[in-house]
Amino acid sequence: MILSLDQGTTSSRAILFDRDGRPKAIAQKEFTQHFPKPGWVEHDPHEIWASQVGVAAEALGRAGVAPAQVHAVGITNQRETVVMWDRRSGEPIANAIVWQDRRTADVCDRLKADGVEAEVQRRTGLVIDPYFSATKIAWLLEHTPGARTLAGAGHLAFGTVDSWLVWRLTGGTCHITDASNASRTLLFNIHSGDWDDELLRIFGVPRSVLPSVRASSESYGLCAASTGLGSIPIGSVIGDQQAALFGQLCTKPGLAKNTYGTGCFLLQHIGATPKSSTHRLLTTVAWRIGSRLEYALEGSVFIGGAVVQWVRDGLRFIRSAPEIEALAATVPDNGGVYLVPAFAGLGAPYWDAHARGAIVGLTRGSTAAHIARAALESIAFQVADLLDAVEADADLALDELRVDGGAAQNDLLLQLQADLLGVPVVRPRVTETTALGAAYLAGLATGFWPSTAALEHQWQVERRFEPRMETAEVERLRSGWRDAIARVRSG
Ligand code: ADP
């Protein structure tokens with residue numbers, strides 16, 4: 001079996017996969033979110049580690065599998081989050097600053113005002129935003145007493161969560177990251193495939209703190225005896241969205257997946273040449289296998305499945321998220337009602353931090369069912385907007401969209417998605433695609449599976465949603481959505 005460690009933003013999970021790529025045991029533990037000030041989000045690195053190693057042991061226990069029976073460990077993780085620790089003691093110098101944390105917004109505004117964004121974008125494929133790691137590293141160096149001195153003496157280590165886990169798993173002997181995680185830091189040049197001196201200068205990060213950048217699929221080292229995981233080889237490290245792309249076997253140019261979780265993350269594989277976006281998407285490393293880098297275009301929506309939570313908790317129209325499907329199905333259409341869930345601004349392709357949500361088109365005949373339907377439709381409209389941008393940028397038409405995440409259990413949503421896109425939407429049998437992607441890469445690195453081609457036989461469709469709506473109706477709906485978006489934009 002392969003043991004996959006999926007270190008997410010709110011919980012740590014461990015899943016054991018067998019040779020057919022089927023999940024055999026799962027364990028999961030939530031951990032504490034710290035909000036020390038408005039806009040700040042932190043995690044305790046010790047708690048990340050303890051929860052992760054704890055669920056690993058629990059999954060093994062549930063399956064009745066000894067560490068010696070596990071072929072390799074794969075690691076996938078929340079991206080961009082920053083951990084810094086003293087190499088000598090392994091002790092973190094502060095809490096981890098989480099990707100959602102906005103404390104460096106002013107620094108980012110200043111950098112943009114200095115006019116460096118175009119150059120940064122050219123090298124990294126990203127935009128300057130507090131979301132990414134670089135300004136968080138600089139913040140910790142600036143605000144933690146003694147940190148600059150420690151860095152100067154070569155004692156300080158930075159890592160995204162993958163690096164921290166590998167460091168702990170190997171008993172402090174291995175300080176590495178993979179190219180997919182590195183590509184989210186703003187310090188990594190996606191063309192050369194390595195840290196970039198000019199970016200290090202712009203963001204004020206010393207090279208001495210950085211991990212070495214490795215492939216996403218290779219044997220980095222063995223788990224230390226102290227972890228209780230025997231001496232299992234660690235065979236993969238990959239960011240969560242890229243892992244899902246691999247878990248969906250989107251390994252050829254043009255193949256794309258969307259994850260419908262709290263937010264939505266759409267990634268399209270674009271091959272071995274990075275293309276920069278002219279539609280405000282990100283260019284990101286999908287993975288590095290051997291010395292070959294492959295790339296993806298990425299668009300994200302902040303409020304995806306979360307709009308369903310709002311219908312449940314804010315409006316109290318339903319008691320559980322799945323109930324939205326039955327409620328929305330009590331009306332034949334949205335009755336002209338559109339809901340724009342810009343609760344936290346709008347993400348790609350709009351990037352409007354100041355936009356706020358709205359419900360438009362209400363009449364005396366509008367009911368809770370129309371609003372529920374509009375909420376569900378808003379997820380599909382946002383993903384359709386992302387896909388338009390991806391197709392325009394990549395100049396590649398999509399054959400189908402592979403889907404996963406909690407809200408992908410909703411058939412009504414997926415049917416509407418297929419209708420709006422005009423291409424089939426495909427839900428695989430195994431929807432644990434993030435953990436599966438990390439397992440695949442670890443298994444490929446260690447000979448558990450012979451080749452990616454061999455995995456293609458494993459990926460099975462659970463249901464395929466074919467587009468069936470009339471073009472005129474699609475156009476009418478999308479134009480209603482565009483009007484609604486225009487009303488909430490701040491600019
Ligand atoms: P994350 O990994 O981001 O925490 P998940 O992939 O677990 O998210 O998905 C959870 C999200 O999916 C929640 O926002 C929830 O409202 C939504 N969700 C779960 N089931 C359904 C459903 N049947 N229909 C619509 N939304 C759903």
Side-chain angles (χ1 to χ4, degrees), residues 4-15 23 26-33 41 43 51 55 76-81 98-100 131 161 239-245 247-248 257-267 298 300-330 339 341 343-344 347 357 368-369 371-383 402-417 425 427-428 430-438 462-463 465:
S4 189
L5 307 183
D6 178 0
Q7 205 304 304
T9 309
T10 56
S11 72
S12 297
R13 287 142 55 80
I15 306 185
I26 302 187
Q28 175 164 5
K29 191 167 174 16
E30 288 194 10
F31 56 87
T32 320
Q33 309 289 314
V41 188
H43 292 157
S51 60
V55 291
T76 179
N77 56 288
Q78 53 165 319
R79 307 175 300 175
E80 298 102 8
T81 297
V98 178
W99 57 272
Q100 295 154 325
Y131 177 29
V161 170
D240 53 9
Q241 296 308 322
Q242 290 95 329
L245 190 70
Q248 291 271 25
K257 70 92 196 174
N258 184 57
T259 300
Y260 297 87
T262 307
C264 291
F265 289 89
L266 189 130
L267 272 77
E298 173 174 326
S300 50
V301 156
F302 302 138
I303 304 291
V307 72
V308 178
Q309 289 171 321
W310 180 72
V311 171
R312 184 191 64 194
D313 306 335
L315 299 180
R316 297 178 187 263
F317 286 177
I318 49 175
R319 269 175 310 190
S320 72
E323 281 177 32
I324 197 167
E325 186 163 359
L327 179 58
T330 60
L339 188 160
F343 304 153
I371 293 173
R373 194 171 181 109
L376 206 53
E377 289 184 355
S378 74
I379 305 175
F381 284 130
Q382 292 182 94
V383 171
R402 299 180 177 182
V403 300
D404 51 56
Q409 290 312 314
N410 191 307
D411 294 347
L412 187 62
L413 170 64
L414 297 192
Q415 182 57 54
L416 178 72
Q417 192 72 78
V425 165
R427 186 167 61 201
V430 176
T431 49
E432 298 288 357
T433 53
T434 304
L436 183 60
E462 183 258 326
R463 185 157 168 194
F465 298 82

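Both counts, for ligands and for their atoms, begin at 1 and track the order of listing.
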- Okay, side chain of Q382, backbone of I303: is any donor-acceptor separation there less than 3.5 Å?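 Yes, the answer is positive, given that a donor and an acceptor are paired below the 3.5 Å cut-off.
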- Message: Between Q7 (side chain only) and Q78 (backbone N and O only), is there a donor and an acceptor less than 3.5 Å apart?
- Response: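 It does not hold such a pair.
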- Task: Apply salt bridge (charged side-chain N to carboxylate O under 4.0 Å, His left out) to E30 and list each qualifying residue two or more places apart in sequence or on a separate chain.
- Result: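 Once residues adjacent in sequence are excluded, E30 has no partner under the salt bridge (charged side-chain N to carboxylate O under 4.0 Å, His left out) criterion.
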- Query: ligand 1: which residues have a non-hydrogen atom closer than 4.0 Å?
  - Reply: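 Residue list for ligand 1: G261, T262, G305, A306, V308, Q309, A321, P322, G405, G406, A407, N410.
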- Shortest non-hydrogen contact between R373 and A329, atoms and distance: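 Shortest heavy-atom contact: NH1-CA, 4.2 Å.
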- Message: Within the structure provided, determine whether L416 and F381 are in side-chain contact (heavy-atom separation under 4.5 Å).
- Response: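 Of all side-chain heavy-atom pairs linking F381 with L416, none is under 4.5 Å.
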- Task: Using the side chain to side chain donor-acceptor pair (under 3.5 Å) rule, take T433 and Q248 through it: C-alpha gap first, then chi angles, then the decisive distance, then the call.
- Result: CA-CA 6 Å; T433 53; Q248 291 271 25; 4.6 Å; no
